[in-house]
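Only one structure is covered here, and it is reproduced in the block below.
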Amino acid sequence: MTIRNAAGVVDINYWKGTLNPQPTVNWYLKRIDDAVNSVKTQTDGAPVTLLAHSAGGWLSRVYLLSKGTTGIDRLVTIGSPHSPPPQEAKVMDQTRGILTYVEQNCPGRFHSSIEYVTVAGKYIEGAGLRDQGASIAQKIVGAGYQQVCGNARVWGDGIIPIEAAHLHGADQVTLDGVYHSPLGAVVAVDGKTGRPWYGSPEVLPKWIHHISDTNESDSIVEVGNTLPPNL
């Protein structure tokens with residue numbers, strides 16, 4: 001995956017911050033398409049839910065824009081960055097322009113025929129590097145938040161700020177005390193997760209019903225590398 005993504009570096013638009021998703025992520029879009037078509041075949045055409053974590057969220061939006069929504073009735077994203085930083089923030093879009101392209105070409109709940117659900121975590125508040133009284137962790141996280149949304153002093157899941165994780169027009173779910181990934185999500189002696197993430201046993205019931213709350217026959221295609229197993 002790293003080698004394939006590195007191919008975009010030779011594109012002048014990478015350095016200008018005006019990179020388009022195609023052909024840069026065509027290989028990933030094909031993987032999503034193969035998975036969707038496989039599920040449709042296995043389930044005799046049952047409605048498909050795209051369940052996406054982190055970058056899988058904007059990749060799913062690119063997929064829907066390029067391939068359409070036939071057979072898909074829902075997109076659920078968890079901890080996904082959906083918007084580029086504002087121009088006035090003067091920071092580089094970490095996708096080198098792809099998020100800007102997505103925001104311009106399929107903003108918010110772009111496809112009215114499907115349901116959008118965005119899930120964000122409220123784990124730690126970021127801080128500026130010179131903010132007195134802030135912890136080192138808050139300053140480190142804040143530097144990351146600033147690269148994503150242009151503001152260090154916001155709440156998020158430790159990687160993605162809440163404001164970047166939600167889409168206009170989507171059903172928005174914000175979960176207190178939830179981290180971005182399973183990294184460090186050790187099980188404490190009381191059986192609960194030391195640093196709970198979206199896939200922790202005690203967190204899943206807070207958002208999992210959005211996958212099939214309206215149609216229990218939905219099939220699920222997972223887009224992302226760290227989704228909780230056995231959904």
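All values below were derived from every heavy atom in this structure, side-chain atoms included, with hydrogens, water molecules and symmetry-related copies excluded. What you see is a predicted model, and the numbers here were worked out from it, not measured in a lab.
A donor and an acceptor atom, one from each side chain of His210 and Arg74, are nowhere located under 3.5 Å apart. No hydrogens or angles considered: a donor-acceptor pair under 3.5 Å links the side chains of His82 and Thr77. Ser83 and His166 are not linked by any side-chain donor-acceptor pair at a separation below 3.5 angstrom, with hydrogens and angles left out of the test. Gln104 and Thr100 share no side-chain donor-acceptor pair at under 3.5 Å. Side-chain contact of His180 with Ser54: a donor-acceptor pair under 3.5 Å is present, judged by distance alone.
Taking all atoms of both residues into account, the shortest heavy-atom contact from Ile220 to Val39 is O-CG2, 4.2 Å.
Between the side chain of Asp33 and the main chain of Leu29, no donor-acceptor pair closer than 3.5 Å is present. The backbone N or O of Gly56 lies less than 3.5 Å from no partner atom in the side chain of Arg61, so there is not a single donor-acceptor pair. Although no hydrogens or angles enter the test, the distance criterion places no donor-acceptor pair under 3.5 Å between the side chain of Asn20 and the main chain of Gln22.
Contact annotation: the side chain of Asp73 never approaches that of Glu115 to less than 4.5 Å [non-hydrogen atoms, C-beta and beyond].
Checking each of Val36, Val25, Leu75 against Tyr63 for a side-chain contact (heavy atoms from CB on, under 4.5 Å) leaves exactly one that passes, namely Val36. With Tyr179 as the partner, the ring pair (Phe, Tyr, Trp, His ring centres under 6.0 Å) test is satisfied by one option alone out of Tyr123, Trp197, Tyr198: Tyr123.
Using bins of under 30°, 30° to 60° and over 60° for the plane-to-plane angle, the ring pair Tyr116/His111 lands in the parallel bin.
Around the NZ atom of Lys139, the shell of radius 6.0 Å holds more than 12 heavy atoms that belong to other residues, nucleotides or ligands.
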